[in-house]
Amino acid sequence: MIDFKKDIALILSETIEGLTKSEIESMIEIPGDSKMGDYAFPCFRLAKALRKAPPVIASEIAEKLSGNGLFATVTSVNAYVNMFLNKELFTKAVLTDAAEMKETYGSTNVGQNRKVIVEFSSPNIAKPFHIGHIRSTVIGNSIYKLYHFLGYDTVRINHLGDYGTQFGKMIVAYRKWGSREEVEKEPIKSLLSYYVKFHEEAEAHPELEDEARAVFTQLENGSREEYELWKWFREVSLMEFSRVYDMLGIDFDSYAGESFYSDKLCKVIDILKEKNLLVASEGAQIVDLEAYNMPPALIMKQDGSTLYITRDIAAAVYRKETYDFYKNIYVVASQQNLHFQQWIKVIELMGYDWSKQCIHIPFGLVSLEEGAIMSTRKGKVVYLEEVLRRAVDQTRDIIREKNVNAEDVDIISKQVGIGAVIFQELSNGRIKDYTFSWDKILNFEGETGPYVQYTHARASSVLRNAAVDIGKAELMAQEVDFSFLTGESAFALTKLIYRLPEVVLEAAERYEPSIVTRHIVDIAQAFNRFYHDEHILVDDPKEKKAKLLLVYAAKQSIKNGLSLLGMEAPEKM
RNA sequence: GCGCUAGUAGCUCAGCUGGAUAGAGUAACUGACUACGAAUCAGCAGGUCGGGGGUUCGAAUCCCUUCUGGCGCACCA
């Protein structure tokens, strides 16, 4: 594919002195209003060096550029050079590329097989998989997809919260109030009820907390009875979690959670001692971070048991040894910003130069309506499974209502309903806090997943109705007359398709799936506009072929974009 | 108190490595299905970009300051 911006920078650099090619490239803009050109170049900064007024410079550059085959026309308005591309040349390059690359269109091989770890989802065992978990799960999955698409060798890790004092509490609570039958029947609901009861009782009887800590220490020391209970809790929980992962279409390469590192902690503590980083404080062992304007990192409690920061350090060391990662990405809530700053600093102090390859990707808080915060301990949660189920049910109702001629209503309802939830989650910047709302999550109009999927289904429908075999799109692209695609809405669509690869790169670099989400909404809007402006299945076979190629490229771009979000692209809905 | 983070249309948000008249969606109103799917499209209306200062030819964007909300700050994760 031709990099038009780079080409333009090259052409400009021949007429401009004193600026490097890459400086020029970074100054080239895509005007918000296409009346100002497909690309524009502001000349204000050249004024001093050339000792001329910016508008004069702009018109001189414009004059030199016109005549170049890349452009249809080059004009200058105010101090800008306004470049209008040769539409046929541009359209041909873009659509041929999309037709050839198909399901890989949008990717660039920048990864070169380098190893990237994405840790995400990481729910706590024996606790509900609630709406708050959707963020790490869906954002993390999309970041994985982006890096995978770009040619990185990816490892997905579900760092299960399957260790810590909470399991002491859970075991104590189970022994006091639980029964095996209940847990076997409804594992998480039962375990959660014990956990809630524990916190209620502990208010009046704080000694329960001490008991729980003691039980966890026993577990950590390898006590058989506690271990068996813990293992059982873990197994039944994972079974429930995998039901949600199946609905979301999400997989992991590793479920090595916190417990996995329990035998790797001594080594970390030894290294910390060896480097003289560990100091005693109030009976506990800490790493002092005052020099870095941070509170101390608490490595070992008074009773000798460890904390999750210790396990995160051990996990990072283990991962470096095992995977030799290029990037080690953690998709974890912004509430844990300080925690990540602390342990990544400790890794640095331990002398590991790869500390900067450990990257925390934070996201904002989900709260419930009326400002209530979600609280597992109080049992106040919205189950993710229920959200997904209701979205699927509603989709099924809509499909029936619209009387769509589709055979697999159940499959499509799942693809669209769950897609709607995923899309909603990935629509806004991940750092934003938001309030969960049933109305919002079940709204399927406007900038939503169903809108984009509908556009894809509509494009698919047009291709189905055409008597042209689009299967060999790359061959078709060879013989198309691109002059049929120079209308305003067709060209606007082509320009958006062209930008997909750079959008994907930016989304990966910024760890921000919403950039892809926004862009495929733009593509869908441009497609719908084109669809309304122009008749596609016209009689003239040449014109029809050209338009079908554009429809094909748009459909493929939307499909690839949806796939990067972890969504399906149904042919009918 | 200290640190991090957010504040843009009635609501939900883009735009933030400085550029032309700040954009979508939604809600309200108006119009378009006897051409390819109306979960669609078009139109109308909606703004002290939290406030104040500064840098610059040019600031929603950068710097300073201030206000408001969210999160975090030692034996939970």
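Just so you know, these numbers use all the heavy atoms, side chains as well, and skip hydrogens, waters and symmetry mates.
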Under 3.5 Å, is there any donor-acceptor pair linking the side chain of A/S281 to the base of B/A74? yes

With a 4.0 Å cut-off on heavy atoms, is A/G283 in touch with a base, just the backbone sugar-phosphate, or nothing at all? nothing

Need one value for A/G164: base, sugar-phosphate or nothing, where a base atom within 4.0 Å counts as base even if backbone is also close, heavy atoms only. sugar-phosphate

Rounded to the nearest 0.5 Å, how far apart are CZ of A/R311 and CG of A/L265? 7.0 Å

Protein-nucleotide distance (A/L278, atom CG; B/A74, atom C1'), rounded to Å: 14 Å

Tell me what A/K402 touches on the nucleic acid: a base, only sugar-phosphate, or nothing, going by heavy atoms under 4.0 Å. base

Is there a donor N/O on one and an acceptor N/O on the other, under 3.5 Å, for the side chain of A/D162 and the base of B/A77? no

Run the numbers on A/H339 and A/Y308 for ring pair (Phe, Tyr, Trp, His ring centres under 6.0 Å), then give the verdict. CA-CA 9 Å; A/H339 166 73; A/Y308 85 136; 3.9 Å; yes

How would you label the contact of A/R45 with the nucleic acid (heavy atoms, under 4.0 Å): base, sugar-phosphate, or nothing? base

Looking across every strand, which nucleic acid part, if any, lies under 4.0 Å from A/T165 by heavy atom: base, sugar-phosphate, or nothing? sugar-phosphate

Counting any heavy atom closer than 4.0 Å, what does A/D312 reach on the DNA or RNA strands: base, sugar-phosphate only, or nothing? nothing

With a non-hydrogen cut-off below 4.0 angstrom, is A/L307 in contact with a base, only sugar-phosphate, or nothing? sugar-phosphate

Rounded to the nearest angstrom, tell me the gap between atom CD in A/E29 and atom P in B/A20. 7 Å

Using atom C1' in both nucleotides, what's the gap between B/U65 and B/U55 to the nearest angstrom? 15 Å

For A/I30 and B/A20, give me the distance from atom CD1 to atom P, rounded to whole Å. 14 Å

Would you indicate what A/Y451 reaches in the nucleic acid, counting non-hydrogen atoms under 4.0 angstrom: base, sugar-phosphate, or nothing? sugar-phosphate

Nearest heavy-atom pair of A/A554 and A/I523: which atoms, and what distance? O-CG2, 4.4 Å

Need one value for A/P450: base, sugar-phosphate or nothing, where a base atom within 4.0 Å counts as base even if backbone is also close, heavy atoms only. base

For atom C1', what is the distance between B/A60 and B/G51, given to the nearest Å? 14 Å

Tell me what A/Q341 touches on the nucleic acid: a base, only sugar-phosphate, or nothing, going by heavy atoms under 4.0 Å. nothing

With C1' as the reference atom in both, quote the distance from B/C16 to B/A59 in angstrom, rounded to an integer. 11 Å

When you measure from the side chain of A/S59 to the backbone of A/S76, do you find a donor-acceptor pair of N or O atoms at a distance under 3.5 Å? no

Just to be sure I understand the rule, does A/E258 reach a base, reach only the sugar-phosphate, or reach nothing, if contact means heavy atoms closer than 4.0 Å? sugar-phosphate

Do the numbers put A/R458 on top of the ring of A/Y531, so that NZ or CZ is under 6.0 Å from the six-membered ring centre and no more than 45° off the axis? yes

Under 4.0 Å, heavy atoms only, any strand: does A/A333 hit a base, just the sugar-phosphate, or nothing? nothing

Whole angstrom is fine here: how far is it from CD in A/E534 over to P in B/C36? 16 Å

Sugar-phosphate only, base, or nothing, as touched by A/A40 at under 4.0 Å among non-hydrogen atoms: base

Residues A/E220, A/R213; criterion salt bridge (Lys or Arg N to Asp or Glu O under 4.0 Å); working and verdict: CA-CA 10 Å; A/E220 200 166 27; A/R213 269 192 287 273; over 6 Å; no

Expressed in angstrom and rounded to an integer, what is the separation of A/E447 atom CD from B/C11 atom C1'? 13 Å

Taking NZ, NE, NH1 and NH2 as the nitrogens, is one of them in A/E488 or A/K35 under 4.0 Å from a carboxylate oxygen of the other? no

Determine the interatomic distance between C1' on B/C2 and the same-named atom on B/G54; round to the nearest Å. 27 Å

Report the distance from atom NE2 of A/H532 to atom P of B/A32, rounded to the nearest whole Å. 14 Å

Just checking A/Q166: base, sugar-phosphate only, or nothing, at a heavy-atom cut-off of under 4.0 Å? sugar-phosphate

Applying the 5.5 Å / 30° rule, does A/Y531 stack onto the base of B/U40? no

A/F260 CZ to B/A77 P, in whole Å, measures 19 Å

